[in-house]
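Take a look at the structure below.
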Amino acid sequence: MNTDFLRDLNPAQLEAVRTVEGPELVLAGAGSGKTKVLTYRVAYLVSIGVPFSNILCLTFTNKAASEMRTRINKMLGIEEDPQKKSYGWIGTFHSLFGRILRMDGGKLGYTSNFTIYDEEDSLKAVKLILREQNLSEEVFPPAGIRWQISKLKNTLVLPSQAEQSAKSRLEQVTAQAYAKYEERLKMSNAMDFDDLLIKPIMLLNRDHSVLEKYQNKFRFILVDEYQDTNRAQYMLLKLLAERHKNLCVVGDDAQSIYSWRGAELQNILDFQSDYPNCKVYRLEQNYRSTGKILQAANSVIVHNKRKLDKELWTENHEGDMLTVLECESDRDEGYKIVQRIRDESIKDKLQLKDFVVLFRTNYQSRALEEAFNRSGIPYIIVGGVAFYKRREIKDILGYLKLILNPSDDESFLRVVNFPARGIGEVTIDYLRSYASKMQVPLLKVLDQIEGIVEIQPRQRNQLKQFGNLIEKYGRLQKDLSVSELTRSLTDEIQVLRNLKEEGTQEALGRMENIQEFLAGIAEFQNENPEGTLQDFLAEVSLVADVDRWDTRRNSVTLMTVHAAKGLEFPVVFVSGLEEGLFPLSTKEQDELEEERRLFYVAITRAKRKVYLSYAKQRYRFGKLSFQVSSRFLSEIESGLLDLEHPGRPFSQRTFRERTSTPESLLPSLEIAGQIDQEKPTQEQKEKQVLPAGRLKIGSIVEHEFFGEGRVIELSGRGENERVIILFRANQKKQLMVRYANLRIVK
């Protein structure tokens, strides 16, 4: 097969790609093409005769896996057959090991239609366990117990081991809840995200024939972002690579930023001692950033002690110095960032999607959102409420999960009273009690509902109808496509009709989300003509918010630094560079070093320009706090920084004058989406100004910030009245009338 595609690689990349046998560590700095190396290595293996089926390539996001498959196909001239989308083993740890469990999980007592619990499902199960034990949620917070259980799982501690080592009352309660939690999952034929890594280890250790099968199958194993692997992932790789030792890991110790979710930096630091005969390649040429950005990154990360030696360099131009914005307050910081985006977009003819504003913690977004709302510049927050975690979507998914897996008690509890059937907590308690006594799933209890005399006739009838509904669609899933099944189900339970009749803005928004969900299922069906309900739910359960992010949308992106890893933008703003915020914690050396790696990740997202901002005072936890600039700013070589002093802080008036949106940006403002839900500021709340006359469709009004516009839609009444106004250049805004301070022109 032709290997002309190798011409695209530099010498270090080429050497890493063409080393086939034995363990290999590719230390790849930010922007050095590490994913490219992984992609080309898979293509190269196939080109020299290695079957796709013998290659296991593990990533950390579905998006990365999808992009890799597309690029490999293009390099090799392969047209992927949509009916064989599962060709090859390129995907995330959770999706691929979940696939193994679908095939061989029966040896652990699970059927192939097991449900995957997300964090909300798991938390509900823990809450129920604590409630059954009559334990106070204030004394034993369910979220904390759930986090501790996850931590125990990821360090491969079994419930029995946790009970033996428990000392404090909290540890004892956690261990007991852990044991009950595992029992509940098993009875519901369900696994949580952690189980998708833990159960395969149990399977491979318990059944030597299964271990041997997958060791022989996966002759070549490749891993992206190896610095982000946890203990369970490390063990899985060690087990599978034991026979052939053809393990190639690609990563950057300087970008290890996920210890809070179990990632162990030591995995990459110890790779050479784990595999003494491994080959090590360093990718140090950066193709993304300017010279000054890389110098700044290198000058910061050198302060860490736990690291592997490498230093990024580039042939790109030196570029601008990094600009430091010193701000009086967090509001002032938001306004200055918006002003700089406006200036840069005009000066360099950049689109709004070329800008990203990064922050350390989610609460920082409030002041930033306020500034963007006032400026009229559209933005999108990545990492808000993920689409598949929205209430209405979870409700539909709950039905589909229960149809596929009738043992799924969490899904049963979610949908048994959706839409409302008059099934209250008292009735649910009777069902739970009977299910516990008979050791059967809740749905199975409905077959014997006549025997539960405590439940009233009306509720019994409703429950029987619900059981018949699930049974009916359980049969239909064999005859209907996933798309047809879901559309038929939503029609039968009349969820869209009920939301439409409710008529509120929230209900209409939920209705639109369900319609988008149905469109997404249709798209899945088009791409997977033979795809089953099980295939769809397996895919959806592992979709991350960043996987759904539409990069084509012309809006400024707001996101946490953690969410930005792996992404790049022409212009990057890193906000909130203050001690106690970024770095967030300095109590332990390891914590400080991870915060420094996080800062390194933030500035290396930029291609051409970096802005670093901090506020002298900011509201934190409801109190005004006086801030000190981050130590990370002082660690950057002074010759690389351009410090802009605050001068006069922005007032509302000067902000409006200096951030009036340029005509060149206005055409993109019609795509505001979630940001059109303008939040009233305290200043607006205090004014409580109502229109000078009754608003009507077609009225011409004037807004303090957006100018003149025409009323195109009205909804709600009294204090809840909302208006949608079409301003210039098709800029649509939805506003609360009582806060909007509108003046009727005619």
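The figures here come from the full heavy-atom set of this structure, side chains too, leaving out hydrogens, waters and symmetry mates.
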Inter-residue atom distance [X].[atom1] - [Y].[atom2], 0.5 Å rounding:
| X | Y | atom1 | atom2 | result |
| --- | --- | --- | --- | --- |
| Leu294 | Asn316 | CG | CG | 7.5 Å |
| Leu567 | Thr557 | CG | OG1 | 8.5 Å |
| Asn230 | Leu197 | CG | CG | 6.0 Å |
| Asp332 | Gln617 | CG | CD | 9.5 Å |
| Arg618 | Arg331 | CZ | CZ | 13.0 Å |
| Thr39 | Lys36 | OG1 | NZ | 10.0 Å |

Write down the atom of [X], the atom of [Y], and the distance for their closest heavy-atom approach.
| X | Y | answer |
| --- | --- | --- |
| Phe582 | Glu595 | CE2-O, 3.6 Å |
| Val556 | Ile341 | CG1-CD1, 4.0 Å |
| Ile301 | Ala254 | CG1-CB, 4.0 Å |
| Ala296 | Leu640 | N-CD1, 3.4 Å |
| Gly319 | Lys292 | O-CD, 3.5 Å |
| Ala28 | Val250 | CB-CG1, 4.2 Å |

Before giving the answer on side chain to side chain donor-acceptor pair (under 3.5 Å), spell out for Glu326 and Tyr614 the whole-Å C-alpha distance, their side-chain angles and the decisive distance to 0.1 Å. CA-CA 6 Å; Glu326 186 180 85; Tyr614 69 93; 2.4 Å; yes
Flag the pair [X] / [Y] as yes when at least one side-chain heavy-atom distance between them is below 4.5 Å, and no otherwise.
| X | Y | answer |
| --- | --- | --- |
| Asp224 | Thr35 | yes |
| Leu352 | Ser555 | no |
| Glu370 | Tyr335 | yes |
| Ile381 | Glu369 | yes |
| Val20 | Phe220 | yes |

Identified side chain to side chain contact (heavy atoms under 4.5 Å, CB included) partner of [X] from the options [options]:
| X | options | value |
| --- | --- | --- |
| Leu612 | Leu643, Val572, Ile603, Leu325 | Ile603 |
| Ile293 | Asn298, Val610, Asn286 | Val610 |
| Leu56 | Leu237, Val223, Leu222, Ile221 | Ile221 |

So does [Y] get a backbone contact from the side chain of [X], meaning a donor-acceptor N/O pair under 3.5 Å?
| X | Y | result |
| --- | --- | --- |
| Arg597 | Ser256 | yes |
| Ser289 | Lys607 | no |
| Gln13 | Leu283 | no |
| Arg69 | Ile90 | yes |

Contacts of type salt bridge (charged side-chain N to carboxylate O under 4.0 Å, His left out), residue Arg288, not counting sequence neighbours
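For Arg288 the salt bridge (charged side-chain N to carboxylate O under 4.0 Å, His left out) partners, ignoring immediate neighbours, are Glu568.
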Enumerate the salt bridge (charged side-chain N to carboxylate O under 4.0 Å, His left out) contacts for [range], please, sequence neighbours excluded, ordered by first and then second residue.
| range | value |
| --- | --- |
| residues 5-17 | Asp4-Arg7 |
| residues 295-314 | Asp252-Lys310, Asp253-Lys310, Arg306-Asp590 |
| residues 254-266 | none |

task: Any pair with a residue in residues 293-326 that passes ring pair (Phe, Tyr, Trp, His ring centres under 6.0 Å), sequence neighbours left out, goes on the list, sorted by first then second residue, please.
output: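 Matches after skipping sequence neighbours: none remain.
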List the steps and the verdict of salt bridge (charged side-chain N to carboxylate O under 4.0 Å, His left out) for Arg596 and Glu635. CA-CA 10 Å; Arg596 189 175 284 115; Glu635 291 176 355; 2.8 Å; yes
Residue list, ring pair (Phe, Tyr, Trp, His ring centres under 6.0 Å) with [X], at least two apart or on another chain:
| X | answer |
| --- | --- |
| Phe5 | Tyr40 |
| Phe93 | Phe60 |
| Tyr44 | none |

Taking only residues two or more places apart in sequence, or in another chain, which ones meet [X] in a side-chain contact (heavy atoms from CB on, under 4.5 Å)?
| X | answer |
| --- | --- |
| Thr92 | Thr59, Asn62, His94, Ser95 |
| Thr361 | Tyr363, Gln364, Leu581, Leu584 |
| Ser630 | Leu577, Glu579, Pro583, Phe632 |
| Ala16 | Glu24, Val26, Val37, Tyr281 |

Walk me through whether Ile268 and Leu27 qualify under side chain to side chain contact (heavy atoms under 4.5 Å, CB included). CA-CA 9 Å; Ile268 194 169; Leu27 280 175; 4.1 Å; yes
Ionic contact status for [Y] with [X], cut-off 4.0 Å:
| X | Y | answer |
| --- | --- | --- |
| Asp320 | Arg608 | no |
| Asp274 | Lys238 | no |
| Glu344 | Lys609 | no |
| Lys34 | Glu225 | yes |
| Lys336 | Glu333 | no |

Let me know which of Phe359, Tyr611, Tyr379 forms a ring pair (Phe, Tyr, Trp, His ring centres under 6.0 Å) with Phe573.
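With Phe573 as partner, ring pair (Phe, Tyr, Trp, His ring centres under 6.0 Å) holds for just one option, Tyr611.
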### Message
Could you check whether atom CD of Glu119 has more than 12 heavy atoms from other residues, nucleotides or ligands sitting under 6.0 Å from it?
### Response
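It does not: Glu119 CD has 12 such atoms or fewer within range.
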What about Phe569 and Phe355, are their ring centers closer than 6.0 Å?
->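 No.
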Exercise. Please walk me through it: do Ser625 and Gln627 pass side chain to side chain donor-acceptor pair (under 3.5 Å)?
Worked result: CA-CA 6 Å; Ser625 172; Gln627 304 292 102; 2.6 Å; yes
